[in-house]
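In the text below, chain A, chain B and the rest are named by the order of the sequence lines, each starting its count at 1.
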Amino acid sequence: MALTNDMIRENLTGKFGEVLYDWEEPYGMLTFSAPKDLNLKVLQHLYDDEVMAFRFLTDLQAVHFPDKKGAELAVVYHLHNLRDNVRIRFKVYTDIQTPDVYSATALFNSANWMERETYDFFGVNFIGHPNLIRVLNVEEMDYFPLRKEFPLEDQTRIDKDDEMFGRGTY
Amino acid sequence: MGEGFMATNFEKVVSLARKNSIWPLPFATSCCGIEFMATMASHYDLARFGSERVGFSPRQCDLLMVMGTIAKKMGPVLKQVYLQMAEPRWVIAVGACASSGGIFDTYSVLQGIDQVIPVDVYVPGCPPRPEAILDGFMKIQELVNAEGLRRRHSDQYKDLLGSYGIQ
């Protein structure tokens, strides 16, 4: 029998109870959130369980929600069950003051570079990552450019007149 | 003096030779590089200007042609390529990105290669047409022709390089 979203939800609720929240199915893709200290337990269960068998980490990234006080950074995992061809999305939220999330590198090797990238752009501190340094940006960069408080444009330059580029103060 | 001879000075002869045998080093990172390929090909034919010999080794080349977006992470690489070229050397920034960062006014892109190396000629355009690249190339030829033998030894030139932290 093919794996359905209802079966996944039932299985996870049976294992973890009501701590998993925000269940939704945008475009048919099951999505839910968990407390951040449970992220590895959930991933491990999804990996080990014979019925679930989510053994491929498609993607891992972060999103910054500046207005969500105490849960500004969301770390998002995309998992794929290759046997039944089912995908799910799973999020944990963390405070931007203490952006510590357990690293999934022990479980998925593909998490290594993706967590480095997430650290590079959002400053999520993945605990247990073997080599958490910048991967795409220059080493000297002293901020995390995809956090919303940093404007897209390079703030150090002086040769472009803001008003001429339509972003001055009027 | 009879037919086939002319009187000139050494400096002019050297300038003439340099001007008509500029070996370009293409540093092409994006679409401007594609326009350069068209410039090299038969229709526009950069060889007409004595530059059919495109070298891919900085040690042999006279003209560094930077074509395309240069990310900040690539800045040191570009500078190293420039340092590996022997004097006299010239630099042409082809296209908006190499000249000023272009549309990529963002945290990861170098806002003009003149932040890391000195530039002789800027070619605007996004990307510039081959005619524009040829025009920029001819401007370089004018510079090469007009440059005296002693310019590279002048204090001004050393100050210029010094401002980029070279030598």
Are A/T31 and A/W23 packed together at the side-chain level, in the sense that at least one heavy-atom pair is separated by less than 4.5 angstrom?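 Result no, sub-4.5 Å side-chain heavy-atom pair not found.
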Side chain proximity check, A/E72 to A/D67, heavy atoms < 4.5 angstrom: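 In short, these two side chains do not touch, never coming nearer than 4.5 Å.
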Tell me, please, whether B/Y82 has B/K79 positioned over its six-membered ring: NZ or CZ under 6.0 Å from the ring centre and within 45 degrees of its axis?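 Because its charged atom misses either the 6.0 Å distance or the 45° angle limit, B/K79 does not stack over B/Y82.
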Face-on cation placement of B/R152 at B/W90 ring, 6.0 Å and 45° thresholds: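 Yes, B/R152 and B/W90 form such a contact.
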Can you confirm whether the side chains of B/Y122 and B/D114 place a donor and an acceptor under 3.5 Å from each other?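 B/Y122 vs B/D114: donor-acceptor pair found between side chains.
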Thinking salt bridges, do A/R87 and A/E25 make one under a 4.0 Å N-O criterion?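 The answer is no: the pair does not qualify as a salt bridge.
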Please walk me through it: do A/F16 and A/T13 pass side-chain contact (heavy atoms from CB on, under 4.5 Å)? CA-CA 5 Å; A/F16 293 99; A/T13 326; over 6 Å; no
Any idea how A/F121 and B/Y107 line up, ring-wise: parallel (<30°), tilted (30 to 60°), or perpendicular (>60°)?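 A/F121 vs B/Y107 ring planes: perpendicular.
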Parallel, tilted or perpendicular: rings of A/F150 and A/Y143 (30°, 60°):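 It falls in the tilted class, 30° to 60°.
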Quick check: under 4.5 Å, non-hydrogen atoms only, which of residues 125-137 of chain A neighbour chain B?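 Only A/V135, A/L136, A/N137 of residues 125-137 of chain A have a heavy atom under 4.5 Å from chain B.
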For chain B, which residues from residues 97-114 of chain A lie under 4.5 Å away (heavy-atom distances)?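 Interface residues of residues 97-114 of chain A: none, nothing closer than 4.5 Å to chain B.
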